[in-house]
Amino acid sequence: MKDVLRYLRDALIPRRQSRGEIVRDLGITLALLAAAALLCAGLNVVGESDSAVPLVFVLAVLLTARFTDGYFYGLFATIASVFGVNYAFTYPYFEFNFSLTGYPLTTVTMFAVSLVVGMLTEQVKRQSRIQAEAEREKMKANLLRSVSHDLRTPLTAIIGSSTVVLEHYDALSDEEKKELVWQVRDDAQGLVRLVENILSITRINDGAVQLKKSPEAAEEIAAEAVNKFRKNHTMPVRVCVPDELLMVPMDAMLIEQVLGNLMENVVIHARDATAIELSISCTRDGQVRFCVEDDGRGIDAEILPRLFEELFPHAQEANADGRRSMGIGLSACMSIVKAHGGHMYAENRQQGGARVCFELPLEEVNDGGEGQGADRRG
Amino acid sequence: MAVKGKVLIVEDDRAISNFIRRVLEANGYEALMVNTGREANSMLSSHCPDLVILDLGLPDMDGMEVLRSLRRWSLMPVVVVSARTDEREKVSALDAGADDYITKPFGTSELLARIRTAIRHTRTTGGSETIARSSRFTARGLVIDYDKYRVYIDGRDANLTQNEFKLVALLGRYAGRVLTYDYLIREIWGPNKAYDNQILRVNMANIRRKIEKNPGEPEYIFTEVGVGYRMIEAD
């Protein structure tokens, strides 16, 4: 029996549904059938003829097939309708009688409607899947372009600097040698971050890896991000955390990476910035807001509105100061925050400098079962 | 310079093991190098080093296997080298008996600090020598008085609750070493509270508000994201 059921399910449902989806689709089906039955009962009471009944149920079957996944629910609705109409709404009432004239035709019509609509629905869904696939491909191509640019530049610098040291060892002063070695170290460190960001983007956007969300203390993650930042940078950072402890469901490693990227961004891009402020606050609508601010010259008015619009918008533009672009870093931030059901924005402060913030929901959002039950046991 | 100890480096990447060896030798340690798990097993029993630096990704076997078989007969300190992305790997290595871990890419100062701490903790099992001698732990402005069950910050009593004191005291005993969330919860609240991270975070947040100037920039107790907490080393 179990095997038969499994076979039927596999034949009728094109892909395995999660429990939530099954409940939803079953709910839609039953609600539509109930609505049809009620409507017919109503028509019966006001004395309409029975001829409208099959039409109402065909409509219910059509809607069921349209708004549920796969063929199963449509067919289920059809069978239920065929028996229901026969039992309750055709003479003799409240008993089965399949010998009525024209009844097989009604049945066949319902089955045909349900099958055709189911097929069309599937087709539409497949189309949108193909479209999403194409978008992902485009994103991948963009990413590759940015990556090859962002990888080649520091690698060229590393090879160049180290070659100079090796080939002109005696001609260079100690000071010069030291500077070149520092250059190598900085570039290598930049590459480490780049690789982390690329990994995050591809992992999240491919949907291959689920977020390992667990409730984390926001202040601890911020403190850790700042701690790491201080190992590589001298720019002072001030951290402001609220008095209350904010526990936020998140993949802590990834959020730490976002904060690191945003601080890094200030060092690389904010002109004339001398200090960073990282603050955490609770918004009125129950979100936790993380902000990274600097006291530099702010973000150019032309760039600001489309800073988060496109993926990798700046990678192709040559940087005036020749430093690494932040295209991939910001894209990684965006991907990570979005995957958490949060959002990101940037603005210029009135007192000068830029503020980049992201907000994460305090409560676990149910976004199709993603990342649930993946609590990290430390 | 007197040799501070013999360190076995188990790492298959030449460049990395070479760099570790140079750092160790420059700091007065004697370094031995092997690149496979099999060699590691035989070197461990024949040379009995003072510390092992163990990369988990070895060509011939899982580094965890080396760790587990070592723990069957020896408590010698092991510092595991792991890749950044996998906190679970770190936690399971710590659970399997590793003393600490270090994440690639790491700096030399970080590496030396881990080695120092791990070697010190084996010489005085279950806590540092100073605590055993004076029943006090001192790091900058923080003093843990193990006799009076008190924690002082810049001379003032921090007024920790009983559980808060237990947490700080435990971290102080293993200062410099990461203690996993699970370990801390089991030690303080017993085995029934296992997996309830929330209670630990809340206590830690309260402790930070009592002992740190700014809980967002802790000086004394650091978070190892996804793994646990670490107290700074004693003065």
Side-chain angles (χ1 to χ4, degrees), chain A residues 185 188-193 195-196 199-200 203 209 212-232 236-257 259-260 276-281 290 374-378, chain B residues 15 19 83-92 94-95 103-110 113 178-186 193-210 212-230 232:
Chain A
R185 185 173 174 273
Q189 228 136 29
L191 283 173
V192 168
R193 271 185 306 276
V195 169
E196 298 299 348
L199 279 177
S200 296
R203 275 166 66 208
V209 177
K212 289 180 271 178
K213 269 204 238 174
S214 62
E216 300 280 351
E219 59 191 48
E220 290 183 351
I221 307 308
E224 222 13 62
V226 171
N227 201 15
K228 293 226 172 90
F229 175 80
R230 284 191 178 135
K231 283 183 188 160
N232 296 321
V237 187
R238 211 160 65 91
V239 189
C240 295
V241 300
D243 273 342
E244 54 171 334
L245 170 67
L246 294 174
M247 295 289 288
V248 189
M250 62 162 106
D251 188 315
M253 279 289 192
L254 293 177
I255 295 301
E256 193 191 312
Q257 190 182 345
L259 291 169
I276 299 174
E277 186 178 315
L278 196 170
S279 58
I280 301 173
S281 55
F290 297 76
D375 79 318
R376 193 180 303 127
R377 289 161 177 188
Chain B
F19 128 72
R84 171 205 173 264
T85 37
D86 210 344
E87 309 99 272
R88 264 162 232 252
E89 187 182 79
K90 298 171 192 166
V91 172
S92 55
L94 292 170
D95 285 346
T103 311
K104 275 184 194 171
F106 49 82
T108 52
S109 56
E110 214 180 336
V178 64
L179 299 182
T180 61
Y181 298 131
D182 256 14
Y183 175 79
L184 290 168
I185 292 168
R186 245 181 300 129
K193 285 278 187 193
Y195 309 136
D196 184 2
N197 277 350
Q198 184 101 13
I199 190 169
L200 179 60
R201 308 296 166 87
V202 171
N203 272 272
M204 194 50 77
N206 291 337
I207 292 171
R208 287 217 171 95
R209 277 155 184 73
K210 289 177 184 176
E212 306 280 4
K213 284 186 194 76
N214 177 355
E217 296 176 77
E219 278 180 74
Y220 302 112
I221 300 174
F222 297 99
T223 311
E224 296 279 328
V225 171
V227 181
Y229 295 107
R230 187 195 299 275
I232 54 161

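Lettering follows sequence order; numbering is per chain, from 1. This one's a predicted model, so the numbers in the text were calculated from it and none came from an experiment.
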| task | Please assess B/E217 against A/R230 for the test side chain to side chain contact (heavy atoms under 4.5 Å, CB included), listing each intermediate value before the final yes or no. | result | CA-CA 11 Å; B/E217 296 176 77; A/R230 284 191 178 135; 2.4 Å; yes

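The shortest non-hydrogen separation linking A/P215 to B/Q198 is CB-OE1, 4.5 Å. The nearest pair of heavy atoms linking B/G216 to A/V239 is O-CG1, 3.6 Å. Residues A/I221 and B/V225 come closest through the heavy atom pair CD1-CG2, 4.0 Å.
No donor-acceptor distance shorter than 3.5 angstrom exists from the side chain of A/N227 to the backbone of B/F222, with no hydrogens or angles considered. With hydrogens and angles disregarded, a donor-acceptor distance shorter than 3.5 Å links the side chain of B/R209 to the backbone of A/D243.
Contact annotation for A/E256: only side-chain heavy atoms (C-beta onward) come within less than 4.5 Å of a heavy atom of chain B.
To the nearest 0.5 Å, atom NZ of residue A/K231 and atom CD of residue B/E110 are 4.0 Å apart. If you take CZ on B/R208 and CD on A/E219, they are separated by 6.5 Å, rounding to the nearest 0.5 Å. Taking CD from A/E216 and CZ from B/R201, the interatomic distance works out to 4.5 Å, rounded to the nearest 0.5 Å.
Each of A/L278, A/L245, A/V192, A/I280 has some count of heavy-atom pairs under 4.5 Å with chain B, and the biggest count is that of A/L245.
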